[in-house]
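Everything below concerns the one structure shown next.
All ligand and atom numbering here is 1-based and tracks the order in the structure.
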Amino acid sequence: MQPMKTWPYPRVVAHRGGGTLAPENTLAGLCVGAAFGHTMAEFDVKLSADDITFLLHDDTLDRTSNGQGAAAQLRYRQIAAFDAGSWLDARFEDEHMPTLAEAAQCCREEGLAANVEIKPCPGRDAQTGRLVAAETARLWAKPMAAGALPPLLSSFSVEALIAAREAAPDVPRGLLVERVPDDWREQTAALGCVSLHASYRHLDEALVARIKEAGLFILAYTVNDLDAAQRLVRWGVDTVCTDRIDLIGPHALD
Ligand code: G3P
Ligand code: MG
């Protein structure tokens with residue numbers, strides 16, 4: 001893809017859909033994020049045993065559903081039957097782990113841009129990168145509403161990002177890291193990334209300045225404190241990803 005000259009995305013992204021105010025990586029989460037006025041959401045996407053792209057953070061089902069065991073061992077039809085909402089609150093008992101297609105449709109209806117995090121199960125990095133990127137390109141290729149933003153792919157997995165670039169070279173990519181590595185210039189260049197997505201805990205003003213001077217954009221996660229978010233933006237961070245979609249509103253950092 002062509003280098004991105006300006007960052008089209010908003011300053012605030014709702015983490016896992018609705019942050020901590022709704023069950024993560026569900027359609028209800030996306031709707032709650034939008035209800036708070038947010039215009040972009042991040043969510044995690046992996047593959048079922050039958051290679052369906054669907055939303056889930058962990059390798060296993062246990063924490064965020066009434067299912068058990070490794071997600072990669074089950075077909076999506078089985079995964080879809082689990083309750084992915086009651087673990088947070090009984091009023092979300094009808095939530096399921098949606099497909100990427102369902103999430104894309106929900107984003108379209110709610111006016112949300114998407115940060116699609118490729119989150120491979122162990123050993124499935126390349127296949128997940130390839131299929132999530134191809135499906136993202138396909139789903140967001142449908143005519144978009146005026147002003148709608150392109151999806152942004154990201155991953156901690158270098159292997160997944162390489163496969164994503166091969167499958168969908170025109171969908172922008174960000175390299176996800178906890179701590180910015182010494183070779184961030186080489187890594188992002190080799191992967192054709194437009195952005196670095198780093199834990200805010202390991203960012204400082206000088207590092208942010210160096211990354212910006214290199215022409216990269218920066219997303220900092222997961223920022224749940226308004227003062228910290230404002231400081232990051234003063235340093236030059238382009239976007240913060242937050243669980244506290246209530247505390248850090250869509251215009252809190254304008
Ligand atoms: O993209 C930011 C954040 O989602 C990365 O960490 O573990 O919440 O997916 P995690
Ligand atoms: Mg994530």
May I ask you to decide whether Arg63 forms a salt bridge with Glu24, counting only side-chain N to carboxylate O separations under 4.0 Å? yes
For ligand 1, what are the residues with a heavy-atom contact below 4.0 Å? His15, Arg16, Glu42, Asp44, His57, Glu117, Lys119, Phe156, Leu176, Tyr221
Quick test of your reading of the model: are Glu213 and Arg210 salt-bridged, counting only N-O distances below 4.0 Å? no
Measure the CD-CZ distance between Glu102 and Phe54 for me, rounded to the nearest 0.5 Å. 12.0 Å
Any donor-acceptor pair under 3.5 Å linking the side-chain atoms of Asp83 with those of Asn66? no
Salt-bridged, Asp238 to Lys212, with N to O below 4.0 Å? yes
Separation between CG of Asn115 and CD of Glu42, rounded to the nearest 0.5 Å: 5.5 Å
Taking the N/O/S atoms of Asp44 one by one, which is nearest to the Mg ion (ligand 2)? OD1
How wide is the angle at the Mg ion (ligand 2) spanned by Glu42 OE2 and Glu117 OE1, rounded to 10 degrees? 90°
So, Arg124 and Asp51, do they make that salt bridge, N to O below 4.0 Å? yes
